[in-house]
Amino acid sequence: MNDYIYNESDNLSAMVTAQPELLLTLSHFGIPMGFGDKTIAQVCAEHGVNPKFFLLICQVYSNDSHLPSQREIMSTPMDGLVPYLLRSHDYYLNRRLPHIGHHLEKIADMLPARAGKAIKQFFNAYVDEVREHFAHEEETVYPHINRLLNRDSLDSFSIKSYLDTHDNLEDKLSDLVQIIFKYLPASPCHEDCHTLPSSLEGELRNTTGDDDAIDMIFDILQLSHDLRKHSLIEDKILGPYVKQLEKSTAL
């Protein structure tokens with residue numbers, strides 16, 4: 001958010017206009033569009049979101065170099081953290097990845113069979129990896145947090161071991177883009193295109209192949225960017241917060 005830190009009395013639409021990428025975070029908070037000229041505090045109150053937590057997430061999301069202090073993290077209500085991350089998982093698995101997969105199917109079908117099959121297999125393997133990654137967090141990390149908050153009997157899990165082996169899900173998306181660039185011909189088209197008059201063939205190549213490819217690559221790059229921000233939130237907020245919980249519970 002550059003050098004300016006927003007506060008609860010600021011207009012939400014003004015903040016999003018200044019930082020358009022924050023639009024992607026709204027669904028993770030369960031905040032729909034249509035907030036008009038309401039303040040951040042008003043919108044958060046309407047949707048049961050703590051405004052201090054909202055602003056902390058937005059600050060990290062929009063500024064890669066921002067590192068919240070331990071005091072800032074521990075003084076911010078964190079009961080919305082796990083729900084935020086769960087909604088993020090749902091967004092990636094049930095909205096963004098299927099959307100990209102739809103575009104990719106269309107492009108892959110325009111390529112030679114071997115290249116199209118390879119791209120589909122790479123993408124499907126990536127989706128399986130994301131699903132497994134999220135399942136591990138939901139079955140291991142988040143229950144660990146709940147046990148710490150409820151002061152239940154401690155388990156052998158530690159957040160440090162998780163962070164030390166935390167994979168960056170966005171890396172393979174970059175690999176996918178490079179694979180697409182490698183195999184995508186200048187004018188992808190079904191073989192049937194060659195039976196059409198040259199004027200219609202050129203129109204079909206431009207509107208069907210190129211536009212779909214641009215849409216897909218843009219979506220992949222956008223998802224990669226959002227996943228990197230997701231990882232930053234886990235590293236800069238989740239990690240320090242849970243470490244402090246573990247330390248406090250062990251006393």
Student: Between Phe218 and Leu97, is there a shared hydrophobic cluster once you connect ILVMFWY residues whose side-chain heavy atoms come closer than 4.5 Å?
Tutor: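 Each belongs to a different hydrophobic cluster.
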Student: Under 4.5 Å between side-chain heavy atoms, hopping through other hydrophobics if needed: is there a path connecting Val141 to Leu149?
Tutor: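 Hydrophobic grouping puts Val141 with Leu149.
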Student: In Å and rounded to the nearest 0.5 Å, what is the CD to CG distance from Gln178 to Leu173?
Tutor: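 Reported to 0.5 Å precision, the distance equals 12.0 Å.
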Student: Taking Leu221 as the starting point, is it possible to reach Ile100 by hopping between hydrophobic residues whose side chains are less than 4.5 Å apart?
Tutor: yes
Student: About how many Å separate OG1 of Thr140 and CD1 of Ile145, when rounded to the nearest 0.5 Å?
Tutor: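 The CD1 atom of Ile145 sits 11.0 Å away from the OG1 atom of Thr140.
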Student: Below 30° counts as parallel, above 60° as perpendicular, anything between as tilted: where do the rings of His103 and His99 land?
Tutor: perpendicular
Student: When you look at Met78 and Leu238, which way does the side-chain contact (heavy atoms from CB on, under 4.5 Å) test go after all the steps?
Tutor: CA-CA 9 Å; Met78 286 290 173; Leu238 176 72; over 6 Å; no
Student: Which heavy atom of Pro240 sits nearest a heavy atom of Asp235, and at what distance?
Tutor: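 Shortest heavy-atom separation between Pro240 and Asp235 comes out as CD-O, 3.2 Å.
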Student: Taking all atoms of both residues into account, what is the closest heavy-atom pair of His89 and Tyr142, and its distance?
Tutor: CE1-OH, 3.2 Å
Student: Between SG of Cys58 and CG of Asn63, what distance do you get to the nearest 0.5 Å?
Tutor: 12.0 Å
Student: Could you go step by step and tell me if Leu176 and Leu104 meet the side-chain contact (heavy atoms from CB on, under 4.5 Å) rule?
Tutor: CA-CA 11 Å; Leu176 177 60; Leu104 186 140; 4.2 Å; yes
Student: Side chains of Pro68 and Val60: closer than 4.5 Å at any heavy-atom pair?
Tutor: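 Yes - at least one pair of side-chain heavy atoms lies under 4.5 Å apart.
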Student: Using side-chain hydrogen bond (donor to acceptor under 3.5 Å, both in side chains) as the criterion, list what pairs up with Glu72, not counting sequence neighbours.
Tutor: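 For Glu72, no residue satisfies side-chain hydrogen bond (donor to acceptor under 3.5 Å, both in side chains) once neighbours in sequence are set aside.
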Student: Phe157 vs Tyr162 aromatic rings, parallel, tilted or perpendicular, using cut-offs 30° and 60°?
Tutor: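 Geometry flag for Tyr162 against Phe157: tilted rings.
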Student: As an exercise, state the distance from CZ of Arg96 to OG of Ser224, rounded to the nearest 0.5 Å.
Tutor: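 The distance works out to 12.5 Å.
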Student: Taking atom NZ of Lys236 as the centre, does the number of heavy atoms from other residues, nucleotides or ligands within less than 6.0 Å exceed 12?
Tutor: yes
Student: Spell out, as yes or no, whether a donor-acceptor pair under 3.5 Å connects the side chain of Lys243 to the backbone of Lys160.
Tutor: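 Not confirmed, Lys243 side chain does not pair with Lys160 backbone.
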Student: Indicate yes or no for a side-chain donor-acceptor contact from Thr39 to the backbone of Gln42 under 3.5 Å, with no hydrogens or angles considered.
Tutor: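 Here the side-chain-to-backbone pair exists.
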Student: Met74, Leu55: one ILVMFWY side-chain cluster at the under-4.5 Å cut-off?
Tutor: yes
Student: Can you find a pair of side-chain heavy atoms, one from Asp10 and one from Met15, that are under 4.5 Å apart?
Tutor: no
Student: Of the non-hydrogen atoms in Glu246 and Ile159, which two are nearest, and what is the gap between them?
Tutor: OE2-N, 2.9 Å
Student: Would you compute the distance between atom CD1 of Ile40 and atom CD1 of Ile31 and round it to the nearest 0.5 angstrom?
Tutor: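 Answer rounded to 0.5 Å: 9.5 Å.
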Student: For residues 47-54, run the donor-acceptor check on the side chains, cut-off 3.5 Å, and write out each pair with its distance to 0.1 Å, sequence neighbours left out.
Tutor:
unit_1: Asn50; atom_1: OD1; unit_2: Lys52; atom_2: N; d: 2.9
unit_1: Asn50; atom_1: OD1; unit_2: Phe53; atom_2: N; d: 3.2

Student: Which heavy-atom pair separates Ser13 from Gly36 by the least distance, and what is that distance?
Tutor: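 That would be OG-O, 3.4 Å.
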Student: Is there a donor-acceptor pair closer than 3.5 Å between any side-chain N or O of Lys229 and the backbone N or O of Tyr61?
Tutor: yes
Student: Any idea which heavy atoms bring Arg95 and Ser27 closest together, and the distance?
Tutor: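 Between these two residues, the closest heavy atoms are NH1-CB, 4.1 Å.
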Student: Is there side-chain contact between Leu81 and Leu85, with at least one heavy-atom pair below 4.5 Å?
Tutor: yes
Student: Would Tyr241 and Thr76 count as a side-chain contact (heavy atoms from CB on, under 4.5 Å) if you check the C-alpha gap in whole Å, the side-chain angles of each, and the deciding distance to 0.1 Å?
Tutor: CA-CA 10 Å; Tyr241 173 63; Thr76 300; over 6 Å; no
Student: Taking all non-hydrogen atoms of both residues into account, name the closest pair between Gln19 and Ser62 and its distance.
Tutor: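 Result for this residue pair: OE1-CB, 4.0 Å.
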Student: Checking Asn124 side chain against Lys120 main chain: does a donor-acceptor pair fall under 3.5 Å?
Tutor: yes
Student: Checking side-chain hydrogen bond (donor to acceptor under 3.5 Å, both in side chains) against His133, which of His136, Glu137, Glu129 comes through?
Tutor: Glu137
Student: Hey, does Phe35 have a side-chain heavy atom less than 4.5 Å from the side chain of Leu26?
Tutor: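 Result yes, sub-4.5 Å side-chain heavy-atom pair found.
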Student: His28 side chain to Leu24 main-chain N or O, any donor-acceptor pair under 3.5 Å?
Tutor: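 Here the side-chain-to-backbone pair exists.
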Student: Run the salt bridge (Lys or Arg N to Asp or Glu O under 4.0 Å) check on Arg228 and Asp64 step by step: do they pass?
Tutor: CA-CA 10 Å; Arg228 183 170 61 83; Asp64 288 0; 2.5 Å; yes
Student: Applying side-chain contact (heavy atoms from CB on, under 4.5 Å), run through Tyr6 and Leu12 and close with a yes or a no.
Tutor: CA-CA 9 Å; Tyr6 289 84; Leu12 180 57; over 6 Å; no
Student: Could you point out which residue of Asp175, Ile220, Leu111 forms a side chain to side chain contact (heavy atoms under 4.5 Å, CB included) with Ile180?
Tutor: Ile220
Student: Kindly indicate, with the supporting measurements, whether the criterion ring-ring contact (aromatic ring centres under 6.0 Å, His included) is fulfilled by Tyr92 and His230.
Tutor: CA-CA 11 Å; Tyr92 299 136; His230 182 77; 5.5 Å; yes
Student: Is a side-chain donor or acceptor of Asn150 paired with a backbone partner of Asn146 at a separation under 3.5 angstrom?
Tutor: yes
Student: Report the distance from atom CD1 of Ile73 to atom CD1 of Ile237, rounding to the nearest 0.5 Å.
Tutor: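 Reported value, rounded in 0.5 Å steps: 6.5 Å.
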Student: Check whether any side-chain heavy atom of Lys38 lies under 4.5 Å from a side-chain heavy atom of Glu46, and answer yes or no.
Tutor: yes
Student: Name all residues meeting the side chain to side chain contact (heavy atoms under 4.5 Å, CB included) criterion together with Lys117; count only those two or more places apart in sequence or in a different chain, and write none if there are none.
Tutor: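 Per chain and number, Lys117 pairs via side chain to side chain contact (heavy atoms under 4.5 Å, CB included) with Gln121.
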